[in-house]
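In what follows, a structure is listed as structure tokens, so that the remarks can point back to it.
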Amino acid sequence: MDLLSSLESSQRLDLDGLVYLRGYALPNQTQLLDDLHAVISAAPLRQMMTPMGFAMSVATTSCGALGWVSDQQGYRYSPIDPIRQAPWPAMPESFFVLANTAANIAGYTDFAPDACLINQYQIGTKMGLHQDKNERDFTQPIVSVSLGIAARFQFGGKKRTDKPTQLRLEHGDVIVWGGDARLNYHGIMTMQSGCHAILGNTRVNLTFRKAG
Ligand code: MD6
Ligand code: FE
């Protein structure tokens, strides 16, 4: 059975421009978590500075040819990790295949991400409403993988003031975000306490992009 037909329709939810694939990452979670551990060991999670000079509450790192960085100069993608002054770790094959097949299910063929941003949330942290607009080609989707404790994802509209709908994202859930929603505002509400068997009281989110 191929990946497309193995995914039951009950596990898929379509909101305009957002395809939610419940538990899609679960079958490969052992490999994913091993590879995640290796990436974080090579390029440690760190709290970057916002352009306004505040430390982000969420800790980040990256893998792939390009990594997402933030500092006084702004937000952008860079081939060099500014802390290690070295290229980011390569994107593990398990990451690439997961993102590529999830995008395929959502109707984006040949999605070839060159950047994977890793966000780590502790209880009490959040990600305010934002748009993802540092990538070059907005026809390419973003694939987002949730691991660890559950989060409340806010899915808003084109304007910051549009009232968001909420989606609960659990360990193994994948969303493919593109098309009409590509520039919609979104965020993560303040993380509430929880405990995951492997990741403890943290949530890790992987976002895959074609950034360059
Ligand atoms: C998060 N996600 O889930 C934050 N951005 O922790 C994002 O900011 C995001 O999930 C673009 C596309 C999908 C996402
Ligand atoms: Fe985002």
Side-chain angles (χ1 to χ4, degrees), residues 13-25 32 36 40 45 47-48 50 56-62 64 66-70 74-77 95 98-100 102-103 105-108 111 113-160 162 164-192 194 196 199 201-211:
L13 178 75
D14 284 76
L15 303 164
D16 28 35
L18 182 156
V19 179
Y20 165 70
L21 305 171
R22 193 175 100 197
Y24 184 70
L32 285 173
L36 174 66
I40 291 173
L45 290 156
Q47 286 167 278
M48 294 208 193
T50 66
M56 292 180 62
S57 71
V58 173
T60 65
T61 188
S62 287
L66 293 170
W68 184 85
V69 297
S70 172
Y75 305 123
R76 65 194 175 281
Y77 288 93
F95 283 27
L98 177 69
N100 174 272
I105 287 171
Y108 300 94
F111 177 54
D114 55 10
C116 172
L117 169 63
I118 300 167
N119 286 323
Q120 185 200 49
Y121 297 77
Q122 310 280 0
I123 290 158
T125 63
K126 66 171 188 171
M127 169 129 4
L129 283 178
H130 67 278
Q131 294 172 292
D132 285 48
K133 52 182 183 187
N134 298 126
E135 301 76 25
R136 232 174 245 164
D137 181 359
F138 296 140
T139 67
Q140 292 293 308
I142 297 175
V143 175
S144 160
V145 180
S146 291
L147 298 169
I149 61 174
R152 292 168 299 159
F153 182 77
Q154 288 187 298
F155 177 50
K158 308 274 176 258
K159 299 196 298 277
R160 189 184 289 278
D162 291 342
T165 47
Q166 266 192 43
L167 194 60
R168 183 181 159 88
L169 296 179
E170 294 188 15
H171 179 74
D173 290 351
V174 174
I175 58 182
V176 184
W177 168 275
D180 196 41
R182 185 61 181 72
L183 291 172
N184 282 24
Y185 279 91
H186 59 280
I188 295 288
M189 299 185 72
T190 303
M191 293 295 299
Q192 294 172 322
H196 181 266
L199 291 170
N201 55 4
T202 64
R203 170 176 185 261
V204 174
N205 176 253
L206 314 177
T207 45
F208 294 90
R209 304 127 196 280
K210 177 85 181 84

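All ligand and atom numbering here is 1-based and tracks the order in the structure.
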(message) Between Gln154 and Tyr185, do the side chains contain a donor N or O and an acceptor N or O under 3.5 Å apart?
(response) no
At less than 4.0 angstrom from any non-hydrogen atom of [X], what atoms of ligand 1 do you find?
{"X": "Ile188", "result": "1 (C), 3 (O), 4 (C), 6 (O)"}
{"X": "Ser144", "result": "10 (O), 13 (C), 14 (C)"}
{"X": "Asp132", "result": "5 (N), 11 (C)"}
{"X": "Phe153", "result": "10 (O)"}
{"X": "Tyr121", "result": "1 (C), 4 (C), 6 (O)"}
{"X": "His186", "result": "5 (N), 7 (C), 8 (O), 9 (C), 11 (C)"}
{"X": "Arg203", "result": "1 (C), 3 (O), 6 (O)"}

Just wondering, do [Y] and [X] contact through their side chains at under 4.5 Å, heavy atoms?
{"X": "Asn100", "Y": "Phe208", "result": "no"}
{"X": "Leu36", "Y": "Leu206", "result": "yes"}
{"X": "Pro164", "Y": "His186", "result": "no"}
{"X": "Phe138", "Y": "Lys133", "result": "yes"}

(message) Please list the nearest protein heavy atom to atom 12 (C) of ligand 1 with its residue and the distance rounded to 0.1 Å.
(response) Ile142 CG2, 3.4 Å
(message) Could you identify the single nearest non-hydrogen protein atom to atom 2 (N) of ligand 1 and state the distance to 0.1 Å?
(response)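 Minimum-distance protein heavy atom for atom 2 (N) of ligand 1 reads Asn205 OD1, 3.7 Å.
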(request) Give, for atom CZ of Phe111 and atom CZ of Arg209, the distance between the pair rounded to the nearest 0.5 Å. (result)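 Output value for this atom pair is 9.0 Å.
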(message) Can you tell me which residue among Leu169, Leu21, Leu15 is in a side chain to side chain contact (heavy atoms under 4.5 Å, CB included) with Ile175?
(response) Leu169
(request) Would you name the N/O/S atom of His186 that lies closest to the Fe ion (ligand 2)? (result) NE2
(request) Go through Arg76 and Val69 one step at a time and tell me if the side chain to side chain contact (heavy atoms under 4.5 Å, CB included) criterion holds. (result) CA-CA 6 Å; Arg76 65 194 175 281; Val69 297; 3.7 Å; yes
(message) Using a 4.0 Å heavy-atom cut-off, which part of Val58 comes near ligand 1: side chain, backbone, both, or neither?
(response) neither
(request) To the nearest 10 degrees, could you say what angle the Fe ion (ligand 2) makes with OD1 of Asp132 and NE2 of His130? (result) 90°
(message) Is the ring pair Trp177/Phe155 parallel, tilted or perpendicular, if the boundaries are 30 and 60 degrees?
(response) perpendicular
(message) If you take the nearest heavy atom of each of Gln154, His130, Met127, which one is closest to atom 8 (O) of ligand 1?
(response) His130
